[in-house]
Amino acid sequence: MHTKTMEGLIGARTNMELLNTPFRVYKEARRKGDTAMMERAMGYMEDVHEDTYEYKEEADEGMKKDAEETRKIAEEQREEMIKNRREEREEQQKKLEEAREEKADHKSADTVEISEDGKVLLKENTAAREGAVDGTETAAVAPDTETPAKPKADMEPVFYSSAGTVKPKEDVGTKVSASV
């Protein structure tokens, strides 16, 4: 709060309270019929009343200055916020551009190569599939065994041991193995 505002409000209030005394004297003089005392009381009231309005004007002036200062501060804060938002927006755009560049760099760096063994296996598997589709059965040899592989449609479930070898077919329904 501006000092002029405080001085004006305090002065106006004090003078309004001081106005009560001459007014009371005026009322008492009127009751008695003493016109001279009434005129003197009215003179005091007029002086105090003028002082009250001077303080009121001072308070109004101080309030205008307060409002002006508040507007200036608010405008500065608004400008600061706008500046900060612009900076944040620029930073976000830079981060987006960097992320786009990284994605573009990573897309060109990913490649897949198939080894020679993989190419051989692919050819054998496609040949086995094509033979099964044509109706002619071709024997494809599994890479780790010497026996020909069966086409997928004729294959039966196979169980493997922990060593990775094929277990002989047993009656699955009679044996139950549980580990806790």
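Numbering of residues begins at 1 and proceeds along the displayed sequence. Because the structure is predicted, anything quoted here is derived from the model rather than measured.
- A search for side-chain hydrogen bond (donor to acceptor under 3.5 Å, both in side chains) contacts involving Glu61 returns Lys4, not counting sequence neighbours.
- Proximity of a side-chain donor or acceptor of Thr14 to a complementary backbone N or O of Ile10 within less than 3.5 Å is detected.
- Its side chain within the 4.5 Å cluster rule, Val25 clusters with Met37 among the Ile, Leu, Val, Met, Phe, Trp and Tyr residues.
- Remark: Ser115 OG to Leu122 CG distance equals 10.5 Å, nearest 0.5 Å.
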Using a 3.5 Å cut-off and no angle test, enumerate the donor-acceptor pairs between side-chain atoms of residues 72-82 and protein atoms at least two apart in sequence or in another chain.
residue : atom : partner : partner atom : Å
Glu75   : OE1  : Arg78   : NH1          : 2.5

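- A salt bridge is absent between Glu28 and Arg24; no separation between the charged side-chain nitrogens and carboxylate oxygens falls under 4.0 Å.
- Counting non-hydrogen atoms of other residues, nucleotides and ligands closer than 6.0 Å to CE of Met63 gives a total of 12 or fewer.
- Residues satisfying the side-chain hydrogen bond (donor to acceptor under 3.5 Å, both in side chains) criterion with Thr70, sequence neighbours excluded, are absent altogether.
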Distance-only donor-acceptor pairs under 3.5 Å for side chains of residues 86-98, two or more places apart:
none

Identify every side-chain donor-acceptor pair in residues 39-60 under 3.5 Å, counting partners at least two apart or on other chains, and give the distances.
residue : atom : partner : partner atom : Å
Thr52   : OG1  : Val48   : O            : 2.8
Lys56   : NZ   : Asp60   : OD2          : 3.0

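- Taken from CD in Glu113 to NZ in Lys119, the straight-line distance is 9.0 Å, to the nearest 0.5 Å.
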